[in-house]
Amino acid sequence: MILKLPDGRRLEVNETWRSAKTLGEALQVLDPKLAKKVIGARRNGEYVDLYFRLPSEDGQLELLALEDEGAQWLYRHSMAHVMAQAVKRLFPEAKLAIGPPIEEGFYYDFDVPEPFKPEDLEKIAQEMQKVVKENHSFERMEVSRQEAMKMIKEMKEPYKLEILNELEEGEQISFYKDGEFVDLCRGPHVPSSGLVKYFQLLEIAGAYWRGDEKNKMLQRIYGTAFAKKEDLEVFLKRREEAARRDHRRLGRELELFSMEEEVGPGLIFWHPKGMTVRRELEKFEVEEHLKRGYQYVATPHLGKAKLWEISGHLSYYRENMFRVEVEGQEYFVKPMNCPFHIMMYKSKTRSYRDLPLKLAEYGTVYRNERSGVLHGLLRVRMITQDDAHIFCAPDQAQGMVAEVVDLAFHILGTLGFKDYEISLSVRDPENLSKYGGTDEDWQKAEAALEAVLKAKGLPYKRMEGEAQFYGPKIDVHVKDAIGRLWQLTTVQLDFVLPERFDCKYAADDGREHRPYIIHRALFGALERFFGILIEHYAGAFPVWLAPVQVAILPIADRHLDYAQSVQEKLKAAGIRSELSYSKHKTLSYRVRDAQLQKIPYMLVMGDKEVESSSVAVRLRTGEDLGPQKPEAFIEELARKVAERR
RNA sequence: GCCGGCGUAGCUCAGUGGUAGAGCAACGGUUUUGUAAACCGUGGGUCGUGGGUUCGAGUCCCUCCGCCGGCUCCA
């Protein structure tokens, strides 16, 4: 057995290993000083604690100190127990459900007669402090199923009983005990409750037992914990930073968009400034799509029920569709554009010479999302997609997918998204029958998608069972300026809709063939993408996107004429500017205002500038670029805009 | 949809049963301003909606609407 020590050393152990029962004991014999530092270990990516039973076969065990990467999975789990312990002390009637560590912290679900109140968090946190101070050791108890049953019945924990009953035969059943608190738990845990002192309770939320809305709603408390005080502070700072960037706040402050209670939830008003950003994004996309042979179309917002029956939407998407009645006939508002693009494809006989046919549309679709999931621009009912459907021969699919992926990287890269995570969603090998299309279609298509990613040398995650029922897909996730991942681009192959709508083309063999359809969107929904973009840039858009690119700031009213002449020049060069002047407002006031509006450039002009026909340039960063000739400034700025910087 | 919290002026918020407030914004005036907030004044509200309790409701109760946090990263 090879031990990788926290300090990076590697240690080969044999004798100690054989004679000891658990990792903790082995370390005691091996090196008591080391044993004090180690709180657990990682083995083949799985976390274990000091109770870990030493395996007879050789292998590698990576010992973890409290500060080590990965140790948080242990101490956060323990902190969840500490929290449950505190809750049990304060609310003895609370029933325990589950309490795992999660990506950014931990939670524990409780069944309590009264939901927790915000004030309760404070009390619970104080009680947790006590548990931490008491410094109980976490003791693991391994028991038989019968003993476990007896213990849980005595503890009167119905949810634990349910969990126990579902544990598979032969699995080792264990409890962990710290002080008076005992919990059915597989571990792993840190040695004692006093090791981690820096924690914070974050939210109370309702959560269904096992996430199923048919089950009872439990009360969940979220929290997080860190080994070092600084790390907790950094974490809390980052949450503040995310709040500072909140697109809902910035959207109002910068007059980008709004939602109106009188109109309805999830319906977006793009205000002039927001629409300016959107128009620039669209302009960029349209340019790039035309270069690649896409053709833009526009299609209706409604269609008869029959159409959605053929497409299959009525059988699997009906609850998300808005129904309208027209002259006694049933219509549905479109939740997707595909059937319409297919109708356009079918409007005449297609030949292989027409393929690939790339139909693109900024189509606004409507989806009846459940009210509880709506969230600012990120989850809405009005969805403007940068959508396109590519009709192609099966053997063209691979080339098309490669082109879409390249296009996505080009466009997203220009917007400052440089880190990508890619997933390839394929069939569930266990359950092949639930998918449409032929087995051959699937095998070829999955191979084609994989080949695209391999040829580009892109790392990707293969997600079995995540494919749509009509075909496999590639999704691109991007990392924003503060490291959050967002799923944007999607490229989906479809062999089912061509069949349902009986799409055909005449091939060069003189026979009719069935095309593939590729559904693809780069930004996805413009509304959602805009929300992401606002947060990504914290509202400070690069100059080519900025709704107002230049603020013109004359100092006194005698400089107004000159200011207007400068604005004319900017306008002639296609630059968006605002002349900010009011006889009541000082220059400082207007500078601050422009700054808060995150306008990239401010041009100040007073006597000096009028005299020398120049403008004093200030950036929104506060940097002073000094006086420049308006023409030189405009030329430089126009170049930046043209380069989309 | 479900659980909890919230809803007072355009915005941010005070106001716990007894005459609806502040700051900012808007508007009017004084000031003619040199790089993140000059000064004085004025208007602005069915306290989200509808109902109820009460002599009296922004405040207490119910209904609806909307917003916010969440709703398996499984002992």
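First the proteins, then the strands, lettered A, B, ... as listed; each starts at 1.
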Check: Atom CG of A:D557 and atom P of B:U30: how far apart are they, to the nearest Å?
Finding: 12 Å
Item checked: Separation between the P atoms of B:A37 and B:G51, rounded to whole Å -> 49 Å
Check: B:G66 P sits how many Å from A:I268 CD1, rounded?
Finding: 14 Å
Next item on the list: State which residues pass side chain to side chain donor-acceptor pair (under 3.5 Å) with A:E203; sequence neighbours excluded, sorted by chain then number.
Entry: A:R239
Item checked: Pairwise C1' distance, B:G58 and B:G15 [rounded to whole Å] -> 8 Å
Next item on the list: Just say parallel, tilted or perpendicular for the rings of A:H81 and A:Y176, cut-offs at 30° and 60°.
Entry: perpendicular
Check: Can you tell me how far P of B:A25 sits from CG of A:D593, to the nearest Å?
Finding: 9 Å
Checklist line | A:W486 ring center near A:F529 ring center (under 6.0 Å) | finding: no
Notebook entry, point to check: Contact class for A:A616 vs. all strands (heavy atom < 4.0 Å): base, sugar-phosphate, or nothing?
Noted result: base
Check: If you take atom types as modelled and just measure distance, does the side chain of A:E609 reach the base of B:G34 with a donor-acceptor pair under 3.5 Å?
Finding: yes
Item checked: P gap between B:U59 and B:A20, integer Å -> 13 Å
Margin query: In whole Å, measure the gap between the P atoms of B:G34 and B:G7 for me.
Written below: 43 Å
Next item on the list: Give every residue pair that meets the ring-ring contact (aromatic ring centres under 6.0 Å, His included) criterion with at least one member in residues 583-612 of chain A, sequence neighbours excluded.
Entry: A:Y601-A:F633
Next item on the list: Determine the interatomic distance between P on B:U16 and the same-named atom on B:U72; round to the nearest Å.
Entry: 39 Å
Next item on the list: At under 4.0 Å between heavy atoms, which parts of nucleotides 68-75 of chain B does protein reach? Answer with one letter per nucleotide, 5' to 3': B base, S sugar-phosphate only, - none.
Entry: SBBBBBSB
Margin query: Which heavy atom of A:L250 sits nearest to which heavy atom of A:R245, and what is that distance?
Written below: CD1-O, 3.4 Å
Notebook entry, point to check: Picking from B:C67, B:C3, B:A37, which would you name as closest to the side chain of A:P265?
Noted result: B:C67
Got a list of protein N/O to nucleotides 39-45 of chain B N/O distances below 3.5 Å?
none

Next item on the list: Answer yes or no: is there an ion pair linking A:K237 with A:E240, defined by an N-O contact shorter than 4.0 Å?
Entry: no
Notebook entry, point to check: Using a distance-only test with no angle check, is there a side-chain donor-acceptor pair under 3.5 angstrom linking A:S193 and A:D178?
Noted result: no
Next item on the list: Answer with yes or no whether the side chains of A:S612 and A:S614 bring together a donor and an acceptor at under 3.5 Å.
Entry: yes
Next item on the list: Would you kindly say whether A:S258 and A:H271 are connected by a side-chain donor-acceptor distance under 3.5 Å?
Entry: yes
Item checked: Listed once per pair and sorted, the ring-ring contact (aromatic ring centres under 6.0 Å, His included) pairs that draw on residues 99-128 of chain A, sequence neighbours left out -> A:F91-A:F116, A:Y107-A:Y222, A:Y108-A:F110, A:F110-A:F116
Note to self: Give me each pair satisfying salt bridge (Lys or Arg N to Asp or Glu O under 4.0 Å) with a member in residues 584-613 of chain A, each pair once, sequence neighbours excluded.
What the structure shows: A:R558-A:D607
Check: For A:E253, what residues pass the side chain to side chain donor-acceptor pair (under 3.5 Å) criterion, not counting sequence neighbours?
Finding: A:R249
Next item on the list: Quote, to the nearest angstrom, the P distance that separates B:C60 from B:U42.
Entry: 33 Å
Checklist line | Along RNA chain B (nearest heavy atom to each residue), the more 5'-positioned of A:G266 and A:P115 | finding: A:P115
Check: Touch check for A:T586, heavy atoms < 4.0 angstrom, all strands: base, sugar-phosphate only, or nothing?
Finding: base
Check: Once you round it to whole Å, what is the distance between C1' of B:G66 and CD of A:E262?
Finding: 10 Å
Next item on the list: Look at all strands and tell whether A:K608 reaches a base, only sugar-phosphate, or nothing, counting heavy atoms closer than 4.0 Å.
Entry: base
Note to self: Suppose you measure atom C1' in B:G17 against the same atom in B:G10; what distance do you get, rounded to whole Å?
What the structure shows: 30 Å
Next item on the list: To the nearest Å, give me how far apart CG (A:L603) and C1' (B:U35) are.
Entry: 12 Å
Next item on the list: Using the side-chain hydrogen bond (donor to acceptor under 3.5 Å, both in side chains) rule, collect all pairs that involve residues 147-157 of chain A, keeping only residues at least two apart or in two chains.
Entry: A:K88-A:E157, A:S144-A:E147
Margin query: Measuring to OP1 and OP2 of B:A26, would you say a side-chain N or O of A:K585 lies under 4.0 angstrom away?
Written below: yes
Pick out the pairs of N or O atoms, protein on one side and nucleotides 7-16 of chain B on the other, that lie under 3.5 Å.
| unit_1 | atom_1 | unit_2 | atom_2 | d |
| --- | --- | --- | --- | --- |
| B:C11 | O3' | A:R252 | NE | 3.4 |
| B:U12 | OP1 | A:R252 | NH2 | 2.9 |

Item checked: P gap between B:G41 and B:A9, integer Å -> 24 Å
Could you pull out every donor-acceptor pair under 3.5 Å between side chains of residues 531-541 of chain A and any protein atom, sequence neighbours left out?
| unit_1 | atom_1 | unit_2 | atom_2 | d |
| --- | --- | --- | --- | --- |
| A:E535 | OE1 | A:R484 | NH1 | 3.0 |
| A:E535 | OE1 | A:R484 | NH2 | 3.0 |
| A:E535 | OE2 | A:H247 | N | 2.8 |
| A:E535 | OE2 | A:H247 | ND1 | 2.8 |
| A:H536 | ND1 | A:A481 | N | 2.9 |
| A:H536 | NE2 | A:L415 | O | 3.4 |
| A:Y537 | OH | A:L415 | O | 2.7 |

Check: How are the rings of A:H77 and A:H189 set to each other: parallel, tilted or perpendicular (split at 30° and 60°)?
Finding: tilted
Margin query: Show me, range against range, the stems involving RNA chain B, built from at least 3 consecutive Watson-Crick or G-U pairs below 3.5 Å.
Written below: B:1-7 with B:65-71, B:10-13 with B:21-24, B:26-30 with B:38-42, B:50-52 with B:60-62
Note to self: Ignoring hydrogens, what is the shortest heavy-atom contact between A:M321 and A:H313? Give both atom names and the distance.
What the structure shows: SD-CB, 3.9 Å
Checklist line | Presence of donor-acceptor pair under 3.5 Å, side chain of A:D624 and base of B:U35 | finding: no
Next item on the list: For the residue pair A:D231 and A:Y198, confirm or rule out a side-chain donor-acceptor distance under 3.5 Å.
Entry: no
Item checked: Residue whose nearest RNA chain B nucleotide is more 5′ - A:A556 or A:M602 -> A:A556
Note to self: Pairing donors with acceptors under 3.5 angstrom, does anything connect the side chains of A:Y47 and A:R42?
What the structure shows: yes
Margin query: So that I know where these two stand, are A:F322 and A:F332 an aromatic pair - ring centroids less than 6.0 Å apart?
Written below: no
Margin query: How many whole angstroms separate atom CG of A:N215 from atom P of B:C3?
Written below: 15 Å
Check: Does anything in residues 141-149 of chain A reach RNA chain B, meaning a heavy atom under 4.0 Å, and if so which residues?
Finding: none
Next item on the list: Mind calculating the distance between CG (A:L560) and P (B:U33) to the nearest angstrom?
Entry: 14 Å
Margin query: Let's see if you can work this out: which of B:U32, B:G34, B:A37 has an atom nearest to the side-chain heavy atoms of A:R558?
Written below: B:U32
Check: B:U35 C1' sits how many Å from A:L625 CG, rounded?
Finding: 12 Å
